[in-house]
Amino acid sequence: MASFHSWAAHGPKQKLVPYEFDPGPIGVEEVEVAVEHCGLCHSDLSLLNNDWGRSQYPLVPGHEVIGRVVAVGEQAKGVKIGDHVGIGWTAGSCMHCALCLSGNQHLCRSAQRTIIGHAGGFADRVRAHWAWTIPLPSTLDATTAGPLLCGGITVFNPFVLHSVSPTARVGVVGIGGLGHLALKFANAWGCEVTAFTSSESKSDEAKAMGAHYVASSRDVNSIQAQALSLDFLLVTANVPLEWGALLGTLKPKGQMHFVGVVLEQIPVQARDLISGERKLSGSPTGSPVAIARMLDFAARHHIAPTVERFPMSQVNEAVAHLDGGKARYRIILDVDFK
Ligand SMILES: NC(=O)c1ccc[n+]([C@@H]2O[C@H](COP(=O)([O-])OP(=O)(O)OC[C@H]3O[C@@H](n4cnc5c(N)ncnc54)[C@H](OP(=O)(O)O)[C@@H]3O)[C@@H](O)[C@H]2O)c1
Ligand SMILES: [Zn+2]
Ligand SMILES: [Zn+2]
């Protein structure tokens, strides 16, 4: 009987403990991956804490997986044993609904999320549907690529979805795991980039990562100094902020786009949208093709996450580091099961 070794939480806000389980026979369209590295996303933390009310325990987190294919189901396509691949937020989708057939598999109503009712990448092995097992470009550094599979696609896809022009002035709110990648992508896309951060200590690093300007994300005066200057404002923070002032940084026709899961309601004055024909929007990760294109773009522009590394056996220390707001800028866990 096969058994997978993993780190799992058995209830909300509990520490992760070693957890061994029998995954059963591999599905005909599934791929099994031997995990090498896995990023730690804030969504892992939110699910560990059951902040979204949809966690299932035991919960094996980890959805920024890098590893090698070690087994393939009889009808798996596109990948073969030995391939270096990545798996992100989604591990499967129905492949026959209108969303799947139109290339929007990430929006499939019956998509299997990698860490909800499915064991994620804080493990020695993880499985996913072949279409969601994304081959890595050979020129991409596999040791740091993991965070691209969730954080990367989440901040890259809005540029594609909303046709952000390379001449656009773009703001990024929150310079954490997602936000620091957004600075790198926006700069490579050609945009003029403003980082909005609550951490003064991140200012120089934000500039090194692609920001042309840095402003406070909490101080209203600092935000208002950017009034009417931005075409696109990407919000990666997940806390209540001065939304009216942030909306005011948009030029007429500008757009404020949410990827950070702010749990509180976001109050907005209708007149602030109406008068300048401004837009509000949001998006989740992206389709398999979008992920593959993002990986190609990252490889071509030498975009790599800025990471801190922990052995997977120190996963609880890593989670505490992220929870304490200390991650600079994404944590990667390296597999070390004995
Ligand atoms: N839409 C999607 O599909 C998707 C995908 C992945 C993640 N997410 C969500 O995106 C959010 C960010 O994820 P992440 O992994 O980037 O998290 P993270 O690494 O913890 O970064 C969040 C950043 O938000 C800012 N922030 C945190 N607390 C703050 C406070 N009290 N006041 C002001 N700013 C604060 C900080 O940036 P500064 O230090 O610069 O202020 C922090 O680095 C989470 O809600 C996550 O669940 C969504
Ligand atoms: Zn579907
Ligand atoms: Zn994530």
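All ligand and atom numbering here is 1-based and tracks the order in the structure. The figures that follow rest on heavy atoms only: side chains count, while hydrogens, waters and symmetry mates do not. Just so it is clear, the model here is predicted, and its values are computed rather than measured.
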Can a donor-acceptor pair be found between the side chains of His84 and Glu36 at a distance below 3.5 Å? yes
Indicate whether any N or O donor in one side chain lies under 3.5 Å from an N or O acceptor in the other, for Thr306 and Lys184. yes
Show the atoms of ligand 1 that are less than 4.0 angstrom away from any heavy atom in Thr285. 3 (O)
For His257 and Ser281, run side chain to side chain donor-acceptor pair (under 3.5 Å): C-alpha distance rounded to whole Å, both residues' side-chain angles, the deciding distance at 0.1 Å, then the answer. CA-CA 5 Å; His257 187 87; Ser281 53; 2.7 Å; yes
One pair to check against side chain to side chain contact (heavy atoms under 4.5 Å, CB included): Ile266 and Phe258. What are the steps and the verdict? CA-CA 11 Å; Ile266 294 167; Phe258 285 86; 3.4 Å; yes
Apply salt bridge (charged side-chain N to carboxylate O under 4.0 Å, His left out) to Asp83 and Lys80, showing your working. CA-CA 6 Å; Asp83 283 356; Lys80 57 182 187 318; 2.9 Å; yes
Is it the case that the ring center of Phe185 lies less than 6.0 angstrom away from the ring center of Phe159? no
Shortest protein heavy-atom distance from [atom], along with the residue and atom involved:
| atom | result |
| --- | --- |
| atom 45 (O) of ligand 1 | Val261 N, 3.0 Å |
| atom 21 (O) of ligand 1 | Gly176 CA, 3.4 Å |
| atom 13 (O) of ligand 1 | His42 CB, 3.4 Å |
| atom 38 (P) of ligand 1 | Thr197 OG1, 3.3 Å |
| atom 41 (O) of ligand 1 | Ser198 OG, 2.6 Å |
| atom 36 (C) of ligand 1 | Lys202 NZ, 4.3 Å |
| atom 11 (C) of ligand 1 | Thr236 O, 3.3 Å |
| atom 16 (O) of ligand 1 | Leu178 N, 2.8 Å |

Intermediate values then yes/no, salt bridge (charged side-chain N to carboxylate O under 4.0 Å, His left out), Arg330 and Glu64: CA-CA 11 Å; Arg330 190 57 130 197; Glu64 293 185 337; 2.8 Å; yes
Should the heavy atoms of other residues, nucleotides or ligands under 6.0 Å from CZ of Arg293 be counted, would the total exceed 12? no
NZ (Lys15) with more than 12 external heavy atoms under 6.0 Å: no
Cys108 SG to Cys100 SG via the Zn ion (ligand 2), rounded to 10°, gives 100°
Under 4.5 Å between side-chain heavy atoms, counting indirect links through other Ile/Leu/Val/Met/Phe/Trp/Tyr residues: same cluster for [X] and [Y] or not?
| X | Y | answer |
| --- | --- | --- |
| Leu241 | Leu250 | yes |
| Leu136 | Val69 | no |
| Val126 | Leu149 | no |

Could you name the option among [options] that has the heavy atom nearest to [atom]?
| atom | options | value |
| --- | --- | --- |
| atom 10 (O) of ligand 1 | Gly174, Gly260, Ala206, Ala237 | Gly260 |
| atom 46 (C) of ligand 1 | Pro284, Ser199, Gly324, Ser43 | Ser43 |
| atom 33 (C) of ligand 1 | Arg328, Arg218, Arg330 | Arg218 |

2.8 Å cut-off met by an N, O or S atom of His42 to the Zn ion (ligand 3):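 Checking the Zn ion (ligand 3) against His42, no N, O or S atom falls under 2.8 Å.
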Quick one: look at Val262 and ligand 1, take heavy-atom pairs under 4.0 Å, and tell me if it's side chain, backbone, both or neither. neither
Under 4.0 Å from ligand 1, counting heavy atoms only, is it the side chain of Thr154, its backbone, both or neither?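 The side chain, only.
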Under the side chain to side chain contact (heavy atoms under 4.5 Å, CB included) rule, what do Met95 and His129 come out as? Steps first, then yes or no, please. CA-CA 10 Å; Met95 305 308 254; His129 187 276; 4.0 Å; yes
Ligand 1 to [X] polar contact by distance, N or O atoms, under 3.5 Å:
| X | result |
| --- | --- |
| Cys150 | no |
| Leu322 | no |
| Trp52 | no |
| Gly177 | yes |
| Val259 | yes |

Contact between Ser283 and ligand 1, counting heavy atoms under 4.0 Å? yes
Heavy-atom contact under 4.0 Å between Ala327 and ligand 1? no
Looking only at heavy atoms, which two atoms of Val268 and Leu247 are closest? And how far apart?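 Val268 and Leu247 have their closest heavy atoms at CG1-CD2, 3.7 Å.
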How are the rings of Phe297 and Trp189 set to each other: parallel, tilted or perpendicular (split at 30° and 60°)?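 The rings of Phe297 and Trp189 sit tilted, inter-plane angle from 30° to 60°.
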SG (Cys41) to the Zn ion (ligand 3) to SG (Cys150) angle, given to the nearest 10 degrees: 130°
Within Cys97, is some N, O or S atom less than 2.8 Å away from the Zn ion (ligand 2)? yes
